[in-house]
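I have placed the structure first, in the form of structure tokens, so that the comments after it can refer back to it.
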Amino acid sequence: MTTRRTFRSAGLVAVAAAAALSLAACQSGGKSAASGPERQAAASGTTGGGSTPVGSSTIAADKAATGVRTGADAAHRGGTPATTAKTASQARTQTLPDGSTAEIRRLGDQHYLARIVHGGSVLATLETNGADAGLDANDMFIVLTLGGQLHAWMGGGHQGPGTFELAGGWKAKVTKTGELRYRAQILGNDGAVDATLQTNQHDVGLDANGVYIVLSAGGVISAHE
């Protein structure tokens, strides 16, 4: 596949900061499952003024390609960051597979904020700031890219630990490294590790030139292209 060949060919390293996901009215470090479009996303963010743990995703130096964007960034609990008021552009909206809506704003260069809204309530937020953001919202998976594009799909998740077939012909070897900490090694046809995603109590996401991957803090991995 052209995307995969490009993804493996160059010699740059892409290292991303982790994704922290926060939800309105959701407890730190857990998931609050609900049916229908009002489902709340997987909760793995810290609350209040505490520090935000981070995860990471990397692409092997001999496999990465120019333009491959990786990783997921901190999501903010409770709404828009204070800096947004002066810098945010007008929001555009996008309907998601579960019927909720994403409101996406540009905050700056490669810096976007997406609020997941249903019935006037903000269920979750994702923010990119130098790296992609990812979210497992109770079996609806979302990647927000550095370019401000949001990709969402339903299902296809695999519960780690284990080795799983992913969209785009990839395989993922998922291992548990601690409480709400999982590592996914993305394997190519030759069995080499082409990318790594690692959670640290927060979901992480990856845009690998058109193959979108989310690894949740609970060890669920899903990919879409």
Starting at [atom1] of [X], measure out to [atom2] of [Y] and round the result to the nearest 0.5 Å.
| X | Y | atom1 | atom2 | answer |
| --- | --- | --- | --- | --- |
| Ile116 | Leu123 | CD1 | CG | 8.0 Å |
| Leu215 | His202 | CG | NE2 | 13.5 Å |
| Gln149 | Asp132 | CD | CG | 11.5 Å |
| Lys171 | Ile186 | NZ | CD1 | 12.5 Å |
| Tyr182 | Gln201 | OH | CD | 12.5 Å |
| Asp139 | Ser216 | CG | OG | 10.5 Å |

With [X] via side-chain contact (heavy atoms from CB on, under 4.5 Å) - residues at least two apart:
| X | answer |
| --- | --- |
| Ala152 | Leu96, Pro97, Ile142, Leu150 |
| Thr163 | Lys173 |
| His224 | Trp153 |

Residue pair [X] / [Y]: nearest heavy atoms and the distance that separates them:
| X | Y | value |
| --- | --- | --- |
| Gly155 | Ser222 | O-OG, 3.1 Å |
| Ala223 | Ile213 | CB-CG1, 3.9 Å |
| Val174 | Gly219 | CG1-O, 4.0 Å |
| Gln159 | Gly218 | NE2-O, 2.8 Å |
| Leu113 | Thr125 | CD1-CB, 4.4 Å |
| Thr175 | Pro161 | CA-CB, 4.4 Å |

**Asked** Step by step, would you call Leu187 with Val193 a side chain to side chain contact (heavy atoms under 4.5 Å, CB included)?
**Response** CA-CA 5 Å; Leu187 309 176; Val193 178; 3.6 Å; yes
How about [X] and [Y]: do any of their side-chain heavy atoms sit closer than 4.5 Å?
| X | Y | value |
| --- | --- | --- |
| Glu127 | Leu107 | yes |
| Phe164 | Ile221 | yes |
| Ile104 | Tyr112 | yes |
| Thr196 | Arg183 | yes |
| Phe141 | Val220 | yes |
| Arg92 | Arg105 | no |
| Trp170 | Val211 | yes |

**Asked** Counting only N and O atoms by type, is there a donor-acceptor contact under 3.5 Å from the side chain of Asp203 to the main-chain atoms of Asp136?
**Response**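 Such a contact is found between Asp203 side chain and Asp136 backbone.
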**Item:** With sequence neighbours excluded, residues passing side-chain hydrogen bond (donor to acceptor under 3.5 Å, both in side chains) with Glu103
**Value:**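 So Glu103 forms a side-chain hydrogen bond (donor to acceptor under 3.5 Å, both in side chains) with Arg115.
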**Message:** Under the rule for side-chain hydrogen bond (donor to acceptor under 3.5 Å, both in side chains), what residues qualify as partners of His158, not counting sequence neighbours?
**Reply:**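 Here no residue qualifies.
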**Request:** Would you please name every residue forming a salt bridge (Lys or Arg N to Asp or Glu O under 4.0 Å) with Lys176, sequence neighbours left out?
**Result:** none
